[in-house]
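The structure under discussion appears below in the form of structure tokens.
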There are 2 protein chains.
Amino acid sequence: MISHMEKNPSTLDDLDFAILSCLQKDGRMSFTEIAERLNVSVGTARTRLNRLIDDGIISIIGRVDPDKVGFGAYAHIAVYVRPATLKEQVAETISQLPEVSFLASTSGEYDLEVDVMCQSNSHLVQFVNDISVIEGVYQTKTTLYFKVYKYAQPDLGLLK
Amino acid sequence: MISHMEKNPSTLDDLDFAILSCLQKDGRMSFTEIAERLNVSVGTARTRLNRLIDDGIISIIGRVDPDKVGFGAYAHIAVYVRPATLKEQVAETISQLPEVSFLASTSGEYDLEVDVMCQSNSHLVQFVNDISVIEGVYQTKTTLYFKVYKYAQPDLGLLK
DNA sequence: AATCAAATCTGCATATTTTGCAGAAAATTA
DNA sequence: TAATTTTCTGCAAAATATGCAGATTTGATT
């Protein structure tokens, strides 16, 4: 017996996708407006949307513009872990750091990718120094993001 | 005479930062709740928040979990542009593609970084082929994201 | 195919939130 | 200091969210 079915792609129907699309456009769209656009009752829109959020299918987040808010150094750091067995542990440590906005393990030449927002170049240098001394971090390569052209959500229509 | 003052870091006060913090935690937090937490009137919270959004300082977006929603291939593509003068033009073209969730110019070895969400590996291959034939794209290097450990917003407290 | 159980949807009444606006307070400028 | 602009507050009206009971649909089992 399964008490709570975890959502996976196959359990998302057209209505779910339509709600996700609405939220991608405007994370503060009201239940009422979503319901009207999709021709369902407010209750339905609310139930679905709340479940999508609870199940972690979508997160409604406020994303600050790093420049406008004062993060002068937005960067990408490639992290090489040796021995490779320490990867999870290193990831755990790095994910705690407040500057980190994105952290993932990768298939490529390096093992972990860390995106960070720092106040200034010197703060960034400090940050890179800090992660360089974590046990298991063998090497790092830092790349600055100069100009962000797009920061959006992929078109869910691609999944149809 | 300046009719509309563009916001820059120095014009954001403590209340603005406090509102941004609330929205980073929950993009759907109501004006009322924000007002109560910060001990200001609802009208003030509303005016500030709307202005922060209008000025592009923060965007409230629904971010879907690529795995759960059916994007089986989440990847990072390093793009080398030759001649370098075509960079803006290439960026413009790539930013139109629906798979692209992030696009920025960088300081490093490569010129542009493109993050994409594709349905499958074959869709990703197709995508990489498509951008490889764009005029000015000299070379690409694709790295898959295997596991995302963190996808959050940086701590605004770092700016204090 | 019929039945039952579980899940989902709808619509309504109530509670809460948002919106528009006018006047008070604060900040800015001359 | 006075004038001007900007920001804040509080109130009433409109819009929205919430809780819930009953209807509908879906899915599993026989």
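Protein chains get the first letters and strands the later ones, always in sequence-line order, with residue 1 at the start of each. Worth saying up front: this structure is predicted, and the values here are computed from it rather than measured.
Comparing Arg46(A) and Glu36(A), the nucleotide of DNA chain D nearest to each residue sits closer to the 5' end for Glu36(A). Each of Leu15(B) and Arg28(B) was assigned the nucleotide of DNA chain D with the nearest heavy atom; the assignment lying further toward the 5' end belongs to Leu15(B).
With Arg48(A) as the fixed residue, the salt bridge (charged side-chain N to carboxylate O under 4.0 Å, His left out) test singles out one of Asp55(A), Asp54(A), Asp16(A): Asp16(A).
Rounded to whole Å, atom C1' of dA17(D) lies 14 Å from atom CD1 of Ile53(A). The separation between Met29(A) atom CE and dT16(D) atom P is 12 Å, rounded to whole Å. In this structure, Asp16(A) atom CG and dC9(C) atom P are separated by 8 Å, rounded to whole Å. Rounded to an integer number of Å, the gap from Asn50(B) CG to dC8(D) P is 13 Å. Following rounding to the nearest Å, Asp13(A) (CG) and dT26(D) (P) show an atom-to-atom distance of 11 Å. Between the CZ atom of Arg51(A) and the C1' atom of dA6(C) there is a distance of 13 Å, rounded to whole Å. Atom CD1 of Ile34(A) is separated from atom P of dT18(D) by 12 Å (rounded to the nearest Å).
The side chain of Thr32(A) has dA17(D) as its nearest neighbour among dT18(D), dT8(C), dA17(D). Here the side chain of Val42(A) is nearest to one of dT18(D), dC8(D), dT17(C), namely dT18(D). Candidate nucleotides dT18(D), dT17(C), dT9(D) were compared by shortest atom distance to the side chain of Phe31(A), and dT18(D) ranks first. Nearest nucleotide to the side chain of Ser41(B), out of dT18(D), dC9(C), dT9(D): dT9(D).
Between Arg82(B) and Glu135(B), no side-chain nitrogen of the basic residue sits less than 4.0 Å from a carboxylate oxygen of the acidic one, so the salt-bridge criterion is not met.
For the pair His76(B) and Thr142(B), the minimum side-chain heavy-atom distance is 4.5 Å or more. Residues Leu52(B) and Leu23(B) form no side-chain contact, since every pair of their non-hydrogen atoms from C-beta on lies 4.5 Å or further apart. Looking at heavy atoms from C-beta onward, Ile61(A) lies out of side-chain contact with Ile60(B) at the 4.5 angstrom threshold.
Across all strands shown, Arg48(B) has heavy atoms under 4.0 Å from sugar-phosphate atoms exclusively, and none from any base. Nucleic acid contact for Thr44(B): base, since at least one base atom lies under 4.0 Å from a heavy atom of the residue.
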